[in-house]
Amino acid sequence: MTAAPPAERRIALIASGAGSYTAVELDEDDAEVRRDVVTSAELAGWVAEADTATQTRWIIRSARETYATLLADGVILNRTHDLLLCHAILRDTDAVARPLAPSQAWVRREPTDAAPSLFDALHDDSAGDPVDEALEQYREQRRVIASGRDGRLTLLCAAESAGGLIAEEMRVAGLPWDVAAHDAILTETLGARAAGGGIPSRMAELGAQVRSILGDETLHLDSQQKLLRALHRVGVHVESTSRWELAEQSHAVVEPLLAYKKMSRLLSANGWAWLAEWVHDGRFRPVYIPGGVVTGRWASAGGGALQLPRSLRPAVRADPGWTLIVADVAQLEPRMLAAMSSDRAMARAAQGRDLYAGVVDSGAVGTREEAKYAVLGAMYGATTGDSGRLVPRLRKVYPRAMAHVDAAARTGEDGGIVSTWLGRSSPRPSAEWSRLQSEATSADADPAVVALARRRARDWGRFTRNFVVQGTAAEWSLIWLAEIRHRLQQIPPSFTEAAASGPFARTPHLAFFLHDEVILHVPEQHAEAAADAVREAATVATRRLFGDFPIDVPLDLRIAMSAEK
DNA sequence: AGAAGTTGCGCG
DNA sequence: AAAGCGCGCAACTTCT
């Protein structure tokens, strides 16, 4: 029997003038009990004081808009309710009878080039008092959250808000990046860097070789059209220049061309120009956008943070005296599916490190590769090819799990809305989609229209099928992140204590997050404690979502100087 | 010339 | 060996 959680103190903290904030404390009924005006200079001390007395949840407009400024002033917020992030969830949720009324004032604005200022926060579309508007919006959101069942929206909003803080903190902290190691990888792979940003030596040689084989010494290899014509001239009859199609050909040009394309990609996406633009003072600082994907996954802007090629992972290196904790979950999505559908057979297959091995043991398929394609096909909605062929076998062995995703697909095909485990809902299909569907149902509908409508319906069904799984996995990951952060705060000195001298210069901190993987940057003496925090956080995330349902979510975790695998 | 769309490939 | 989901970005191509 666990004690009831301590009552949470709630204080709205809203920028209310140049260099000042208004702090409004609320009672249990959301009525105002106290109002203070605090200058930014006083804020760090004031917040730290308010946070030590008891757990405080800070109601803020948006971590994205304001937390960077707060962090720069040495202010750490431990728990927040992020009105912008929660507005998006509560406005669209299908988990309650009356969702939040949409409001333009609470829609995320695209970031401006300059750092967000207090001035911006004060001059949004609305004319009213920013503090009163924030309080009113918060009370509306609380009403919606309270009307949900099992506290799921409470958990989702808390986790989403924590994500908002973590995204900003990771940007401030940055991912430790070894420029020399990156440069060495580039030189090793592409050859010596050319003066003036030209083509590096190995890549240039390979390009010359490809042109020679294609019999055109001046061919521009980056133009798909010209390349395609050149390929046709030498008898390579592909329809596109994409890698998978080229790989099926046996012509002598294929190998050097594919190698060239690989190099070209590395150079343009993560070459020396990327290094100069994105890595400063040994840190890569991407912009993370929590909730940027409809499913709840994070997106990123700038630097391609979520697409860093694995070949560059050795460039992620801890500072001297520090180390990295690199942890990821193997097959997070099918584990979530097993739990959310209460499919005990699938949960049994998920016991231990390799879910695919478990699927093979169940007798559904013969090999691990088949298991992988079958499971991915089930979650993505494959109907053809090897993957589509294997999916029906899973339906026999894991009927509950399959019924769950099949139902989500059917709902989508019918134009309905599906929701994640915690209640984030899929968008409504577009008006154009709906119009096409109704056009196709009329008695004299053109067969071509009917066929197109059918195809679009299946497309949308594949989206909703995947939405419930991908979105629930995103929820697990958010809770994992939040719990990691919470535990790192227990390792002294906490961010709060270290805030004045740059909160992450001395303390263990999250440095990178990619859907189901985290990287922590940690002083060596705290490595074991931080690793424990990551493991415990995973256990807690699973329990928070699924209670006692027996689902394993094992981590691959290592403590290392570099993120190299 | 610059905007908008397409292709191809990196990540989960 | 497959062609099923979600993204961001660079470069090329086409549109205005």
Side-chain angles (χ1 to χ4, degrees), chain A residues 220-228 238-248 257-258 260-271 273-274 277-278 286-313 328-334 336-337 366-370 372-391 394 405-406 408-409 412 418 420 424 426-427 455 458-474 476-477 512-518 563 565:
Chain A
H220 183 47
L221 294 173
D222 292 333
S223 161
Q224 300 108 302
Q225 296 186 344
K226 290 172 186 165
L227 178 58
L228 198 58
V238 286
E239 283 183 25
S240 77
T241 63
S242 66
R243 195 182 50 194
W244 67 269
E245 199 179 348
L246 284 168
E248 290 174 351
L257 177 56
L258 290 181
Y260 176 88
K261 283 164 76 84
K262 196 145 190 99
M263 289 185 188
S264 175
R265 164 79 195 187
L266 179 62
L267 179 65
S268 70
N270 297 100
W274 181 91
E277 184 177 355
W278 289 103
V287 177
Y288 294 97
I289 306 176
V293 179
V294 276
T295 57
R297 273 188 174 181
W298 289 15
S300 70
L306 308 187
Q307 304 134 255
L308 291 173
R310 304 198 75 84
S311 64
L312 286 182
R313 294 183 67 106
D328 71 308
V329 184
Q331 307 118 14
L332 177 60
E333 291 186 0
M336 297 297 103
L337 174 57
T367 68
R368 189 178 182 282
E369 281 301 280
E370 283 185 337
K372 187 170 163 181
Y373 282 118
V375 168
L376 290 176
M379 294 188 305
Y380 293 162
T383 53
T384 61
D386 288 352
S387 181
R389 182 173 51 76
L390 292 165
V391 172
L394 291 190
V405 283
D406 287 346
V418 297
T420 60
R424 191 188 309 258
S426 64
R455 200 161 69 238
R458 287 195 198 281
D459 289 347
W460 195 254
R462 283 196 302 277
F463 165 63
T464 52
R465 169 190 293 270
N466 187 246
F467 183 96
V468 297
V469 180
Q470 188 184 114
T472 301
W476 185 94
S477 296
F512 190 69
F513 169 54
L514 177 55
H515 307 319
D516 60 6
E517 169 177 14
V518 294
K565 218 163 194 175

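Keep in mind that what you see is a predicted model, and the values were worked out from it rather than measured. Lettering of chains follows the sequences in order, A, B, ..., and the numbering in each one begins at 1.
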**Prompt:** When all nucleic acid strands are considered with a 4.0 Å heavy-atom cut-off, which category describes Asp386(A): base, sugar-phosphate, or nothing?
**Reply:** base
**Message:** So Ala301(A), base contact, sugar-phosphate only, or nothing? Heavy-atom distance under 4.0 Å.
**Reply:** sugar-phosphate
**Item:** With sequence neighbours excluded, residues passing ring pair (Phe, Tyr, Trp, His ring centres under 6.0 Å) with Trp298(A)
**Value:** Tyr288(A), Phe513(A)
**Item:** Flag, side chain of Glu333(A) to backbone of Ala473(A), donor-acceptor distance under 3.5 Å
**Value:** no
**Request:** Before giving the answer on side-chain contact (heavy atoms from CB on, under 4.5 Å), spell out for Phe467(A) and Val418(A) the whole-Å C-alpha distance, their side-chain angles and the decisive distance to 0.1 Å.
**Result:** CA-CA 8 Å; Phe467(A) 183 96; Val418(A) 297; 3.9 Å; yes
**dG8(C), syn or anti by chi within 90 degrees of zero** = anti
**Fill in**
Pairing string of DNA chain C (Watson-Crick or G-U wobble, both atom distances under 3.5 Å; | = paired to other strand) is ....||||||||||||
**Message:** Testing the basics here: between Ser300(A) and Leu306(A), what is the closest heavy-atom pair and its distance to 0.1 Å?
**Reply:** OG-CG, 3.6 Å
**Message:** Over all strands shown, is Leu332(A) touching base, sugar-phosphate only, or nothing at heavy-atom distances under 4.0 angstrom?
**Reply:** nothing
**Request:** Starting from C1' on dG6(C), measure out to CG on Asp459(A) and report it in whole angstrom.
**Result:** 14 Å
**Message:** Over all strands shown, is Val294(A) touching base, sugar-phosphate only, or nothing at heavy-atom distances under 4.0 angstrom?
**Reply:** sugar-phosphate
**Item:** Atom pair distance, as rounded to whole Å: CD in Glu333(A) and P in dC7(C)
**Value:** 13 Å
**Request:** Report the residue (Glu370(A) or His515(A)) whose heavy-atom-nearest nucleotide on DNA chain C is the more 5′ of the two.
**Result:** Glu370(A)
**Request:** Classify the nucleic acid contact of Arg465(A) as base, sugar-phosphate or nothing, counting any heavy atom under 4.0 Å across all strands shown.
**Result:** nothing
**Message:** Ignoring hydrogens and geometry beyond distance, is a side-chain donor-acceptor pair present between Gln224(A) and Thr241(A) at under 3.5 Å?
**Reply:** no
**Prompt:** Looking at the side chain of Tyr373(A), which of dG4(C), dC5(C), dG8(C) is the nearest nucleotide?
**Reply:** dG4(C)
**Request:** Kindly say if His220(A) contacts the phosphate of dC12(C), meaning a side-chain N or O under 4.0 Å from OP1 or OP2.
**Result:** yes
**Atom-pair distance (CZ on Arg243(A); P on dA1(C)), nearest Å** = 14 Å
**Message:** Distance check needed: dA10(C) C1' versus Leu267(A) CG, whole Å only.
**Reply:** 11 Å
**Message:** Categorize Thr295(A) for me: base, sugar-phosphate, or nothing, with a 4.0 angstrom heavy-atom threshold over every strand shown.
**Reply:** nothing
**Prompt:** When we call it a touch if two heavy atoms are under 4.0 Å apart, what does Arg462(A) touch: a base, just sugar-phosphate, or nothing?
**Reply:** sugar-phosphate
**Message:** Quick check for you: among dC7(C), dA1(C), dG4(C), whose closest atom lies nearest to any side-chain atom of Glu369(A)?
**Reply:** dA1(C)
**Prompt:** For Thr367(A) and Gly381(A), take the nucleotide of DNA chain C holding the closest heavy atom to each; which residue's nucleotide lies nearer the 5' end?
**Reply:** Thr367(A)
**Boundaries of the DNA chain B segment in contact with chain A, non-hydrogen, under 4.0 Å** = dT7(B) to dG12(B)
**Whether Trp460(A) and Phe463(A) hold their rings parallel, tilted or perpendicular, with breakpoints at 30° and 60°** = tilted
**Sugar-phosphate only, base, or nothing, as touched by Gly292(A) at under 4.0 Å among non-hydrogen atoms** = nothing
**Asked** Counting any heavy atom closer than 4.0 Å, what does Thr383(A) reach on the DNA or RNA strands: base, sugar-phosphate only, or nothing?
**Response** nothing
